[in-house]
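Please see the structure below; I have some questions.
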Amino acid sequence: QVTLVESGGGLVQTGGSLRLSCAASGRSFTNYAMGWFRQAPGKEREFVATLRWSGTNTWYADSVKGRFTISRDKSKNTVSLQMDMLKPEDTGVYFCAGGPTPILSQLRVPGAYAYWGQGTQVTVSP
């Protein structure tokens with residue numbers, strides 16, 4: 001059973017930084033994609049960033065490109081999201097997601113990921 005546990009959320013001012021971590025366990029993640037999604041109150045869950053566990057490719061939502069960096073540490077089975085230059089519109093619950101690597105056109109689709117963490121709150125004050 002795959003388990004994903006997020007940590008690192010919190011309250012930060014506009015322009016500040018936070019680092020989210022996702023501890024993954026339960027199997028080998030070779031051939032998996034691991035990503036981050038977020039959901040603001042009253043809105044649908046949206047794609048933030050993703051990567052292939054066994055590769056070097058990364059993908060970002062246009063809204064976070066140049067400010068957020070996704071990375072993974074194979075030795076610790078963790079996926080991290082470094083968030084810099086945060087804006088109030090980045091506020092939401094951030095979810096770690098993982099699953100067999102989707103086809104390229106599905107990498108940004110929440111339904112393409114089989115496993116999800118419980119989420120961690122990120123709040124950016126004006």
Side-chain angles (χ1 to χ4, degrees):
Q1 179 68 22
V2 173
T3 302
L4 305 176
V5 179
E6 303 98 336
S7 61
L11 173 65
V12 66
Q13 292 184 334
T14 296
S17 298
L18 282 175
R19 185 176 181 87
L20 306 183
S21 290
C22 173
S25 62
R27 60 156 292 144
S28 166
F29 296 99
T30 303
N31 299 322
Y32 264 45
M34 303 292 289
W36 290 92
F37 290 77
R38 67 188 181 189
Q39 189 165 17
K43 295 189 176 181
E44 294 186 353
R45 192 167 299 188
E46 66 173 3
F47 168 75
V48 176
T50 194
L51 53 72
R52 288 195 177 113
W53 188 261
S54 300
T56 58
N57 300 82
T58 56
W59 293 264
Y60 295 92
D62 289 343
S63 59
V64 308
K65 203 171 294 183
R67 301 187 296 121
F68 291 12
T69 304
I70 189 172
S71 61
R72 51 104 171 81
D73 185 332
K74 289 184 177 180
S75 67
K76 297 180 180 179
N77 265 15
T78 57
V79 179
S80 297
L81 185 69
Q82 177 66 39
M83 305 186 295
D84 299 316
M85 295 181 287
L86 282 160
K87 305 175 182 180
E89 51 263 45
D90 295 318
T91 294
V93 178
Y94 282 68
F95 296 91
C96 178
T101 304
I103 59 175
L104 190 60
S105 62
Q106 296 293 304
L107 278 170
R108 293 173 169 81
V109 178
Y113 293 78
Y115 303 102
W116 292 82
Q118 81 287 353
T120 186
Q121 177 70 43
V122 171
T123 303
V124 185
S125 63

Practice prompt. Can you measure from OG (Ser21) to CD (Glu6) and round to the nearest 0.5 angstrom?
Written response: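 Between atom OG of Ser21 and atom CD of Glu6 there are 10.5 Å.
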Discussion item. Could you check whether atom NZ of Lys74 has more than 12 heavy atoms from other residues, nucleotides or ligands sitting under 6.0 Å from it?
Written reply: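 Yes, because the 6.0 Å sphere around NZ of Lys74 holds more than 12 heavy atoms from other groups.
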Discussion item. Check whether Thr14 reaches the backbone of Ser125 with its side chain - one donor and one acceptor, N or O, closer than 3.5 Å.
Written reply: yes
Worksheet item: Which residues pass the ring-ring contact (aromatic ring centres under 6.0 Å, His included) test with Tyr113, sequence neighbours left out?
Response: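 Tyr113 satisfies ring-ring contact (aromatic ring centres under 6.0 Å, His included) with Phe37 only.
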Worksheet item: So do the side chains of Val79 and Trp53 get within less than 4.5 Å of each other, counting heavy atoms only?
Response: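 Answer yes - side chains close enough.
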Worksheet item: Got a sec: does the CD of Glu44 have more than 12 other heavy atoms crowding it under 6.0 Å?
Response: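 Incorrect, the count does not exceed 12.
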Fill in: Distance (rounded to the nearest 0.5 Å) between Ser54 OG and Arg72 CZ
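Taking OG in Ser54 and CZ in Arg72, the distance rounds to 7.5 Å.
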Worksheet item: Are more than 12 heavy atoms from other residues, nucleotides or ligands located less than 6.0 Å from atom CG of Asp84?
Response: yes
Worksheet item: Who are the side-chain hydrogen bond (donor to acceptor under 3.5 Å, both in side chains) partners of Gln39, not counting sequence neighbours?
Response: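 If we apply the side-chain hydrogen bond (donor to acceptor under 3.5 Å, both in side chains) test to Gln39, skipping adjacent residues, the hits are Arg45.
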Worksheet entry | Closest non-hydrogen atom pair, Trp36 against Leu81 | NE1-CB, 3.7 Å
Item to complete: Using modelled atom types only, decide if a donor and an acceptor are shared between the side chain of Thr123 and the backbone of Thr91 within a distance under 3.5 Å.
Response: no
Worksheet item: If every non-hydrogen atom of Leu107 is compared with every non-hydrogen atom of Ala33, which pair is closest and at what distance?
Response: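 Answer, listing the atom of Leu107 first, then Ala33: CD2-CB, 4.3 Å.
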Discussion item. With heavy-atom distances below 4.5 Å as the criterion, would you say the side chains of Val64 and Phe47 are in contact?
Written reply: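 Val64 does not reach Phe47 side chain to side chain.
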Worksheet item: Any idea which heavy atoms bring Tyr32 and Tyr115 closest together, and the distance?
Response: OH-CE1, 3.5 Å
Worksheet item: Where is the tightest heavy-atom contact between Tyr60 and Ala49, given as atom of each residue plus distance?
Response: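 Nearest pair, atom of Tyr60 first, then Ala49: CD2-CB, 3.6 Å.
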Worksheet item: Can you find a side-chain donor-acceptor pair between Thr3 and Gln1 that sits under 3.5 Å?
Response: no
Worksheet item: Would Ile70 end up clustered with Trp59 when hydrophobic side chains under 4.5 Å apart are linked, directly or stepwise?
Response: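 The answer is no; the residues belong to distinct hydrophobic clusters.
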Worksheet entry | Non-neighbouring partners of Asp90 that pass side-chain hydrogen bond (donor to acceptor under 3.5 Å, both in side chains), sequence neighbours left out |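 Expected list: Arg38, Arg67.
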Discussion item. Tell me whether Gln82 contacts the main-chain N or O of Arg19 through its side chain, where contact means a donor paired with an acceptor under 3.5 Å.
Written reply: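 Such a contact is absent between Gln82 side chain and Arg19 backbone.
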Worksheet item: Does the side chain of Thr101 come within less than 4.5 Å of Phe29's, by heavy atoms?
Response: no
Practice prompt. Consider only side-chain heavy atoms of I, L, V, M, F, W and Y, link residues closer than 4.5 Å, and tell whether Trp116 and Val48 are in one cluster.
Written response: no
Worksheet entry | Minimum heavy-atom distance between Ala24 and Leu4, given as atom pair plus value |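 Between these two residues, the closest heavy atoms are CB-CD2, 3.6 Å.
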Worksheet item: For Val5, does its backbone N or O pair with a side-chain atom of Gln118 as donor and acceptor, under 3.5 Å?
Response: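 Here the side-chain-to-backbone pair does not exist.
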Item to complete: Rounded to the nearest 0.5 Å, what's the gap from CE on Met34 to OG on Ser71? Could you check?
Response: 12.0 Å
Discussion item. Show the nearest heavy-atom pair for residues Pro88 and Pro126, with the distance to one decimal.
Written reply: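 So the two residues come closest at CG-CA, 4.1 Å.
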Discussion item. Using 0.5 Å steps for rounding, measure from the OH atom of Tyr94 to the OG atom of Ser7.
Written reply: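 So the gap between those two atoms works out to 15.0 Å.
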